[in-house]
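Each chain gets a letter, A, B and so on, in the order the sequences are listed, and its residues count up from 1.
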Number of protein chains: 2
Amino acid sequence: MQLSNSSQYAIRILAYMADNKDSKLLNATELAKTLYIPYKFLTKIMTELVKSGLVVSIRGRDGGYKFEKKTSEIMVSDILAIFNDSIKNEQCVLGIGFCNGLCKCALHDQWVEPKHLLQKMFQESSLEDIAGKGCKI
Amino acid sequence: MQLSNSSQYAIRILAYMADNKDSKLLNATELAKTLYIPYKFLTKIMTELVKSGLVVSIRGRDGGYKFEKKTSEIMVSDILAIFNDSIKNEQCVLGIGFCNGLCKCALHDQWVEPKHLLQKMFQESSLEDIAGKGCKI
DNA sequence: TATAAATACTACTTAAAGGTAGAATTAATT
DNA sequence: AATTAATTCTACCTTTAAGTAGTATTTATA
Ligand code: SF4
Ligand code: SF4
């Protein structure tokens, strides 16, 4: 019952970048050191973030990463979507997955509310919202 | 962001057993067929449920499984605990895991409420509560 | 033009979850 | 006592997530 490492790392990376978006570019070496994320794994994640259009990369010496969009326009749910970690309406708590209104599982009714709150948390939190709140890692 | 297969299966198995606790014993073959759970995986799970004291097994011909406790006294959270899938108070949404009140992560504040609802759902749902609600698988 | 420092690509390895196979054990029935 | 049908044990296989290695590519600067 938790997000994948990739999603967790990506949120932390982007939250940190949002926190430091005054500095022109942030590079992978610095991000990995600051955030205690394995360098090679971080670059893999960054490449996915670039491909998905959330950030742009500048290659070559003095290169790095910066945002493509405004941080107020990037929601945490957008990040989760990249790593197939979104909470969808049809997300199933007991793994059956094809139930309808007539035939629902033992926990269906209890699941509705927390599922909705999770969705809300991810869909309504922008990077601007969560940047600068608390610690940096 | 979902329970492990083992937890999901275990909840479905026990909810079904609670639903059919009038029948003396339920055996693995029948449970596997009815619930569409791989037989060998199901027996592995059942053995863990026996060891943890939630159900008792009768071995040999005409054997099977039945509850050790009342279904009103078995909470879904008890099942999750067996498979290390509980939602703990200190459960971390961004995977850092050692933050305190002073230094908290970007999503800490937003996480409190849904986490609490998840805990509530699992801690306050007994097998009696969820049995007989909806479909059988 | 050579060098250095950065991202991107391809491929591999490791660890954990999910699942399977087969034999051993148990106990009721014939 | 033999058979049958059940659980349990040990060991293995498969798939996916997580992480690593090495090379290629790009670009600023001396
Ligand atoms: S009713 Fe339960 S098992 Fe069925 S799709 Fe909904 S959450 Fe999943
Ligand atoms: S503050 Fe955030 S990152 Fe830190 S332990 Fe709590 S949930 Fe995890």
Side-chain angles (χ1 to χ4, degrees), chain A residues 1-13 17 23-68 80 82-86 92 94-97, chain B residues 1-13 17 23-68 80 82-85 94-97:
Chain A
M1 205 69 183
Q2 61 174 12
L3 298 173
S4 67
N5 278 15
S6 294
S7 291
Q8 293 182 336
Y9 285 155
I11 295 169
R12 286 171 50 200
I13 293 164
M17 285 178 63
S23 47
K24 259 284 175 77
L25 288 177
L26 292 167
N27 67 53
T29 306
E30 181 189 342
L31 289 170
K33 273 186 191 157
T34 309
L35 301 172
Y36 302 98
I37 297 172
Y39 172 80
K40 281 289 197 179
F41 199 22
L42 183 137
T43 59
K44 198 184 216 175
I45 289 169
M46 291 313 292
T47 302
E48 293 192 71
L49 295 178
V50 169
K51 282 181 179 165
S52 67
L54 259 54
V55 306
V56 292
S57 62
I58 313 294
R59 296 181 64 166
R61 184 170 166 171
D62 297 343
Y65 304 97
K66 65 179 179 184
F67 284 108
E68 170 80 338
L80 299 187
I82 296 167
F83 302 97
N84 291 313
D85 232 346
S86 303
C92 182
L94 291 191
I96 298 172
Chain B
M1 204 71 186
Q2 61 174 11
L3 298 173
S4 67
N5 279 13
S6 294
S7 291
Q8 294 181 335
Y9 286 154
I11 295 169
R12 285 170 50 201
I13 293 164
M17 285 177 63
S23 46
K24 261 284 176 78
L25 289 176
L26 292 166
N27 67 52
T29 307
E30 180 188 342
L31 289 170
K33 272 186 191 157
T34 309
L35 300 172
Y36 302 99
I37 297 172
Y39 171 80
K40 281 290 197 177
F41 199 21
L42 182 137
T43 59
K44 196 184 219 175
I45 289 169
M46 291 313 293
T47 301
E48 294 192 70
L49 295 178
V50 169
K51 283 181 178 164
S52 67
L54 260 55
V55 306
V56 292
S57 62
I58 313 295
R59 295 182 66 167
R61 183 168 166 173
D62 297 342
Y65 304 97
K66 66 179 178 184
F67 285 106
E68 170 80 339
L80 299 187
I82 297 167
F83 301 96
N84 291 312
D85 231 346
L94 292 191
I96 298 171

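Side chain of B/T34 to main chain of B/L31: no donor-acceptor pair is present (N/O by atom type, distance under 3.5 Å, no hydrogens or angles). Of the possible donor and acceptor atoms, one in the side chain of A/D85 sits under 3.5 Å from a partner among the backbone N and O of A/S4.
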So B/L49 and B/F83, side chain to side chain contact (heavy atoms under 4.5 Å, CB included) or not? Walk me through it.
CA-CA 10 Å; B/L49 295 178; B/F83 301 96; 4.2 Å; yes
Working note: A/L25 + A/D62, criterion side chain to side chain contact (heavy atoms under 4.5 Å, CB included); need CA distance, chi angles, decisive distance, verdict.
CA-CA 8 Å; A/L25 288 177; A/D62 297 343; over 6 Å; no
Run the side chain to side chain contact (heavy atoms under 4.5 Å, CB included) test on A/L80 and B/M1 for me, step by step, so that the C-alpha distance in whole Å, both residues' side-chain angles and the decisive distance to 0.1 Å come before the verdict.
CA-CA 10 Å; A/L80 299 187; B/M1 204 71 186; over 6 Å; no
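Between the P atom of C/dA6 and the CG atom of A/L25 lies a distance of 11 Å, rounded to the nearest Å. Atom CD of B/E30 is separated from atom P of D/dT7 by 10 Å (rounded to the nearest Å). Between B/D85 atom CG and C/dA16 atom P the separation is 16 Å, expressed in whole Å. Between B/E48 atom CD and C/dA17 atom P the separation is 12 Å, expressed in whole Å.
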Scan nucleotides 28-30 of chain D against the protein and return all N/O pairs shorter than 3.5 Å with their distances rounded to 0.1 Å.
none

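Between B/K24 and B/K66, the shortest heavy-atom contact is O-CB, 3.9 Å. Between A/V55 and A/Y65 the shortest heavy-atom distance is CG2-CD2, 4.4 Å.
Side-chain contact check for B/L42 versus B/I13: some heavy-atom pair is nearer than 4.5 Å.
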Would you give a per-nucleotide map of nucleotides 8-21 of chain D, 5' to 3', where B means the base has a protein non-hydrogen atom under 4.0 Å away, S means only the sugar-phosphate does, and - means neither?
BS--------SBBB
